[in-house]
**Q** 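Got a structure for you, questions after.
For the numbers below, each heavy atom of this structure counts, side chains included, while hydrogens, waters and symmetry mates do not. Chain naming here is simple, since letters A, B, ... match the order of the sequence lines and numbering starts at 1 in each.
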Protein chains: 2
Amino acid sequence: MAGAAAAVTRRAVTLLLSSRFRTPASRVSSLIPIVGASNRRFLCASSVSARTAEPAEAASQLGETVKEFRKRFRIDEVKGGPDQGLDWVGKGLTVRGWVRTCRVQSSVTFIEVNDGSCLSNMQCVMTSDAEGYDQIESGAVTTGASILIEGTVVPSQGAKQKIELKVTRLVVIGRSDPTTYPIQKKRATREFLRSIAHLRPRTNTFSAVTRVRNALAYATHKFFQENGFVWVSSPIITASDCEGAGEQFYVTTLIQNDTEDNNFNVSKIPTTKDGKIDWSQDFFGKPAFLTVSGQLNGETYACALSDIYTFGPTFRAENSNTSRHLAEFWMIEPELAFADLNDDMACATAYLQYVVKYVLENCKEDMEFFNTWIEKGIINRLNDVVEKSFVQLSYTDAIDLLVKSKKKFEFPVKWGLDLQSEHERYITEQVFGGSPVIIRDYPKEIKAFYMRQNDDEKTVAAMDLLVPRVGELIGGSQREERLDYLEARLEELNLNKESYWWYLDLRRFGSVPHAGFGLGFERLVQFATGIENIRDAIPFPRTPGSADF
Amino acid sequence: MAGAAAAVTRRAVTLLLSSRFRTPASRVSSLIPIVGASNRRFLCASSVSARTAEPAEAASQLGETVKEFRKRFRIDEVKGGPDQGLDWVGKGLTVRGWVRTCRVQSSVTFIEVNDGSCLSNMQCVMTSDAEGYDQIESGAVTTGASILIEGTVVPSQGAKQKIELKVTRLVVIGRSDPTTYPIQKKRATREFLRSIAHLRPRTNTFSAVTRVRNALAYATHKFFQENGFVWVSSPIITASDCEGAGEQFYVTTLIQNDTEDNNFNVSKIPTTKDGKIDWSQDFFGKPAFLTVSGQLNGETYACALSDIYTFGPTFRAENSNTSRHLAEFWMIEPELAFADLNDDMACATAYLQYVVKYVLENCKEDMEFFNTWIEKGIINRLNDVVEKSFVQLSYTDAIDLLVKSKKKFEFPVKWGLDLQSEHERYITEQVFGGSPVIIRDYPKEIKAFYMRQNDDEKTVAAMDLLVPRVGELIGGSQREERLDYLEARLEELNLNKESYWWYLDLRRFGSVPHAGFGLGFERLVQFATGIENIRDAIPFPRTPGSADF
């Protein structure tokens, strides 16, 4: 079946392409009337006449100039407008996308086409007199098939949309065998969709998640750029001894897979005399890992360029099969120079409000989809984040509050113990009625060595930003900028000072008060979409036992 | 020495911070008069009075609201203006940054302060009556020290700048011992600076590279977002058999470092009966690698959302110690659906012109620095890229042209052989006089399996974009969207079809003509800055034997 379908596909595409490739611009224009869009991309740009700009003399003899780039027409441009496309009525249009459904009725056929630019399909209405109707009759227009449709925008009779496309011409570009296409109308489980991660963006849920994820990423860059932060790429592979041990992946060229070298045997791994791995023969000459955080590297740049941020992948080789953990996830880690914990909290708050507001304003349709199908009330929850003041309270006050609540928690509540998710959610959801809360000044014993010691000598200038439903979304701290304090802390914790020579240098030479925070990007995607499992918040999730695609 | 300096530092900072932490807003304002900038960040935001917005009732009892985030004052705001700061004359200003030089003269002291926001220092002029002059006398104001300076903007007597700051108050925040600080005035070699990668962003060259790199990254996002592309994060770790073998890093938890577990011995690596590695016990249950390209994953999203781009790290375990290779580098890989090679070339051209133009417009001072100190004429070279039409010619024509040139090349020129850097540079620099050139339609034998076969059956729809000085900057192709062609090609190349099941699925279900390209981001940084060694185009370079920091 697949072979036969492919052969048809090939013919259709060849035909389609060749008619574009070999016709002069004028002819193509008459074939595909695109309204008010001289800068639109056709299927193939080759149909556009060459630019008249003066080419170098050699160029005019030897080569052609490259054609002008034209933005692709997107269904979102019509359906995403304020009047949902009514201003396009009467205009000609060419739509390219994938068939979501095709309903053949006695006198008329309805084809729903989606091009990924928005959740909305373009409803295309076709009668038997339109060019290409034989494709309907032959059964080629099935769910998942890619098609090109030309037509005229008309007001829709249906209640679901304001406009539809009256088809004048249909071309099937790529078929989709309905007996084998895995995404059929009946709803597939999320778990099943993870097993076809290459096709799941063709569903409403995953295309919406992808667009919101994209909006959150772009809003992240916009926020920091507009505030004068410089993006720094922290390294992914690191042989630095500063990284925390234990939950790291090793990066090596010492081992190989048997399928590539049938003679590869463990005995081929170079060893020292006592049978231990000879790291000097590895690619980097010593053990190397995937980074767990770009913070320490980010600090080096903040201590030169003032405000910076990282946005890149980080890794944990943690054997956690939960809905909140990934082995590979993206982190955003800003670092502010000449800043203290109050600046840090203010920045985290402003950042979160900015990106959430951006998504609410720029992904309206997708957010309504989530509000209806994924988490009822999510739009209100996010509006709260944008509008409510964020509250801060000390860890000590938070413990008091939890003790006084007389609520039975699973985990004990006691000064010195870390807060658990149930405590965090109780505080933000119950005590503060859905407002985000920042808890600050944690006991130093439960926080990292680099956090700045407070004057009470018991707590450090750390903060966790808690949000309803998700719990901790952001964790940050003011960094210990005092060399002697930092060295003392390393000694207390039996960490090797030599390994931190470059980190300590930042405190030796022109040390400044500085602070920063970290945000797991997929947690933010979960927070903004209501998606329950973090594996559905990233295109290709990596978890124990799973790194396919 | 360092210890004593640190103690002083600590006292200074404690003093500085405590005066900020504990004074009401009004007092701070009088201490640090910042003009026209109610939304500015002070050293510490805690000095700002709480927002008056209505907090939740619980909040008003239990916690404080988080303060408003305020953008840090940046020297660039003064010196980067159209009249280089003249409009600031008479205004009060507080500058925080690092001392570049301090020249003590009999009646007056000149301190050059840099805060990383721009190449320009703020020249601060201090007389002995200013508060904190004792710090000058004690020798605390040395190169690399961090300081806070308050003063008034006055016209400068010097020829190098239009304005300077007349100091009213100086505070040393963090000292820098001049006998040990590695970055002294005399120029350090690039090689030496690589060994102090944590401090090199404090030099003019590396801070300028960092800012231009940041501008290129942001312009990349802007270009694609403005053209309707969706950012997709392709996976970093992959167990997919599609990836090319050989030059990959393995990602594993099967091996450990001896220092963490003194008993770890190669014999502890789990093996199968025949002594081979038992991958089923590894974290992902099979061999896993660091990605060499996100393209195949990107295609899956383009075949659902139409136009997408990736921007993330990629890896090569190639033992190349050259000025053009990194083991870890960032790649930009857009993928366009319903597009052919002409669209692809048009997009690559528009992209390159956009980002180069963005840098020329937004990094003027840094570009002038490169033009003077790194590569004379670079601004003209980049202007050419923005203004000239890009020329395209076929590989066959390029071979003809090289043969007819009668020039002696080191590598042979013959149809079927790949073009070498010397050929590429000859074409773009000599034949086309500095204009970027795209070579297209390469012999299929020298290109990847996924590239679309042309009708001549000998070539594929591939393209390389060549630029003066760097050679190949962008490589792209139209992808083979025809299932039978693609399967035949996999068979010809003895590739395992089963491994590509999901990639082939894109051709089975709703296949569309699509095309894309890849761009090594650090090569782009080299191209835009003139920096010769790629290790200086990324904050923390990873190369054979080197993954420190």
**Q** Under 4.5 Å, counting heavy-atom pairs only, tell me which of A/Val437, A/Thr271, A/Ile236, A/Asn319 racks up the most with chain B.
**A**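 The answer is A/Ile236.
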
**Q** Contact part of A/Ser546 toward chain B, heavy-atom cut-off under 4.5 Å: side chain, backbone, both or neither?
**A**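 Just its backbone gets close to chain B.
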
**Q** Side chains of B/Phe338 and A/Asp115: closer than 4.5 Å at any heavy-atom pair?
**A**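 Of all side-chain heavy-atom pairs linking A/Asp115 with B/Phe338, none is under 4.5 Å.
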
**Q** Could you tell me which of A/Thr300, A/Asp76, A/Val99 has the largest number of non-hydrogen atom pairs under 4.5 Å with chain B?
**A**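 Of the options given, most contacts go to A/Thr300.
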
**Q** Could you give me the CA-CA distance, side-chain angles and deciding distance for A/Ser233 and B/Arg213, then say whether side chain to side chain donor-acceptor pair (under 3.5 Å) is met?
**A** CA-CA 10 Å; A/Ser233 46; B/Arg213 183 181 163 96; 2.5 Å; yes

**Q** At a heavy-atom distance under 4.5 Å, which candidate from A/Leu199, A/Leu401, A/Val266, A/Asp397 has the highest pair count against chain B?
**A**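 Ranked by heavy-atom pairs under 4.5 Å with chain B, first place is A/Val266.
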
**Q** Relative to chain A, which of B/Gly275, B/Ala239, B/Ala350 shows the most heavy atom pairs under 4.5 Å?
**A**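 Top count of heavy-atom pairs under 4.5 Å with chain A: B/Gly275.
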
**Q** B/Asp505 versus A/Ile196: any side-chain heavy-atom pair under 4.5 Å?
**A**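 No, too far: nothing below the 4.5 Å cut-off.
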
**Q** How many angstroms lie between atom OH of B/Tyr250 and atom OG1 of A/Thr252, to the nearest 0.5 angstrom?
**A**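 Answer for the OH-OG1 pair, B/Tyr250 versus A/Thr252, is 10.0 Å.
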
**Q** Taking only Lys NZ, Arg NE, NH1 and NH2, and the carboxylate oxygens of Asp or Glu, determine whether B/Asp548 and A/Lys286 approach each other closer than 4.0 Å.
**A**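 Salt bridge present between B/Asp548 and A/Lys286.
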
**Q** With a 4.5 angstrom heavy-atom cut-off, which part of A/Phe521 approaches chain B: side chain, backbone, both or neither?
**A**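 Only the side chain of A/Phe521 comes within 4.5 Å of chain B.
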
**Q** Measure A/Tyr351 against the heavy atoms of chain B and call it side chain, backbone, both or neither at under 4.5 Å.
**A**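 No part of it gets close to chain B.
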
**Q** Determine the interplanar angle of the A/Phe249 and B/Phe283 rings, folded into 0 to 90°, and report it as parallel if under 30°, tilted if 30 to 60°, perpendicular if over 60°.
**A**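 Rings of A/Phe249 and B/Phe283: perpendicular, as their planes differ by over 60°.
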
**Q** Answer with side chain, backbone, both or neither: which region of A/Ile438 has an atom nearer than 4.5 Å to a non-hydrogen atom of chain B?
**A**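 Looking at A/Ile438, just its side chain touches chain B.
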
**Q** Look at B/Ser234, B/Ala348, B/Ala145, B/Pro313 and state which one has the largest set of heavy-atom pairs under 4.5 Å with chain A.
**A**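 Maximum pair count with chain A is reached by B/Pro313.
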
**Q** Can you name the nearest heavy-atom pair linking B/Ser511 to A/Ser146, along with the distance?
**A**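 The pair with the smallest heavy-atom distance is O-OG, 2.7 Å.
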
**Q** Output yes when a side-chain donor or acceptor of B/Asn214 lies under 3.5 Å from a complementary backbone atom of A/Gln225, and no otherwise.
**A**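 Not a single qualifying donor-acceptor pair exists.
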
**Q** Applying side-chain contact (heavy atoms from CB on, under 4.5 Å), run through B/Ile183 and A/Phe509 and close with a yes or a no.
**A** CA-CA 10 Å; B/Ile183 301 176; A/Phe509 306 115; over 6 Å; no

**Q** What's the separation between atom OG in B/Ser267 and atom CD1 in A/Ile269, rounded to the nearest 0.5 Å?
**A**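 B/Ser267 OG to A/Ile269 CD1: 10.5 Å, rounded to 0.5 Å.
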
**Q** Any non-hydrogen side-chain atom of B/Ser207 less than 4.5 Å from a side-chain atom of A/Leu305?
**A**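 Heavy-atom side-chain distance check passes, below 4.5 Å.
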
**Q** Tell me, out of B/Ala197, B/Gly228, B/Ala327, B/Ser394, who's got the most heavy-atom pairs with chain A below 4.5 Å.
**A**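 Ranked by contacts with chain A, first place is B/Gly228.
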
**Q** May I ask you to decide if the ring planes of A/Phe549 and B/Trp502 are parallel, tilted or perpendicular, using 30° and 60° as cut-offs?
**A**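 Answer is perpendicular, since the angle exceeds 60°.
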
**Q** Please work out whether the ring planes of B/Tyr301 and A/Phe540 are parallel, tilted or perpendicular, with thresholds of 30° and 60°.
**A**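 It falls in the perpendicular class, over 60°.
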
**Q** Check A/Arg202 against B/Leu506 and note the closest heavy-atom contact, atom names and distance.
**A**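 What the structure gives for the nearest pair is NH2-CD2, 3.9 Å.
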
**Q** Heavy-atom distances under 4.5 Å only: say whether A/Ala288 touches chain B with side chain, backbone, both or neither.
**A**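 Neither part; nothing is under 4.5 Å.
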
**Q** Which of parallel (below 30°), tilted (30 to 60°) and perpendicular (above 60°) describes B/Trp231 and A/Trp330?
**A**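 Perpendicular, since the angle between the ring planes exceeds 60°.
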
**Q** Could you check A/Arg542 against B/Thr238 for side-chain contact (heavy atoms from CB on, under 4.5 Å), going step by step and ending with a plain yes or no?
**A** CA-CA 8 Å; A/Arg542 272 69 183 101; B/Thr238 176; 3.9 Å; yes

**Q** Is the closest side-chain heavy-atom distance between A/Phe315 and B/Ile237 below 4.5 Å?
**A**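 The answer is yes, as the side chains (C-beta and beyond) meet within the 4.5 Å cut-off.
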
**Q** So what's closer than 4.5 Å to chain B heavy atoms on A/Pro201: side chain, backbone, both or neither?
**A**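 Answer is both: backbone and side chain atoms of A/Pro201 are under 4.5 Å from chain B.
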
**Q** Report yes or no: does B/Arg70 contribute a side-chain atom to a donor-acceptor pair with the main-chain N or O of A/Asp343 at less than 3.5 Å?
**A**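 Checking the backbone N and O of A/Asp343 against the side chain of B/Arg70, no donor-acceptor pair under 3.5 Å is found.
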
**Q** Please identify, among B/Leu393, B/Asn227, B/Val232, the residue contributing the most non-hydrogen atom pairs under 4.5 Å to chain A.
**A**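 Going by pairs under 4.5 Å, I would pick B/Asn227.
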
**Q** Working to the nearest 0.5 angstrom, can you tell me the gap between A/His198 NE2 and B/Cys303 SG?
**A**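 Between atom NE2 of A/His198 and atom SG of B/Cys303 there are 10.5 Å.
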
**Q** Rounded to the nearest 0.5 Å, what separation is found between the NZ atom of B/Lys388 and the OG1 atom of A/Thr65?
**A**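 One finds 14.0 Å between NZ of B/Lys388 and OG1 of A/Thr65.
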
**Q** Tell me the closest heavy-atom pair linking A/Val251 and B/Leu290, and the distance in Å.
**A**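 Shortest heavy-atom contact: CG1-CD1, 3.9 Å.
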
**Q** Work out which heavy atom in A/Ala337 is nearest to a heavy atom in B/Arg72; give both atom names and the distance.
**A**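 So the two residues come closest at O-CD, 4.0 Å.
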
**Q** For A/Glu328 and B/Pro235, which heavy atoms make the closest approach, and how far apart are they?
**A**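 Taking every non-hydrogen atom into account, OE2-CA, 3.3 Å.
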
**Q** Taking atom NZ of A/Lys71 and atom CD of B/Glu226, what is their separation to the nearest 0.5 Å?
**A**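 Interatomic distance, A/Lys71 NZ to B/Glu226 CD, rounded to 0.5 Å: 8.5 Å.
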
**Q** What's the spacing between B/Lys276 NZ and A/Ile255 CD1 if we round to 0.5 Å?
**A**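 Nearest 0.5 Å value for the NZ-CD1 distance: 14.5 Å.
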
**Q** Mind ranking B/Gly312, B/Gly97, B/Ser117 by heavy-atom pairs under 4.5 Å with chain A and telling me who comes out on top?
**A**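 Going by pairs under 4.5 Å, I would pick B/Gly97.
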
**Q** Would you find a donor on one side and an acceptor on the other, under 3.5 Å apart, between the side chain of B/Arg508 and the backbone of A/Ser176?
**A**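 Not at all, since once roles are kept as given, no pair shorter than 3.5 Å links the two residues.
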
**Q** Quick check for you: among B/Pro287, B/Cys347, B/Gly285, which has the greatest number of heavy-atom pairs under 4.5 Å with chain A?
**A**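 It is B/Cys347.
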
**Q** Considering all heavy atoms of both residues, which atom of A/Ile173 and which atom of B/Pro513 are nearest to each other, and what is their separation?
**A**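 The answer is CG2-CD, 3.6 Å.
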
**Q** Run B/Tyr218 and A/Val230 through side-chain contact (heavy atoms from CB on, under 4.5 Å) and show every step you take.
**A** CA-CA 10 Å; B/Tyr218 190 48; A/Val230 172; over 6 Å; no

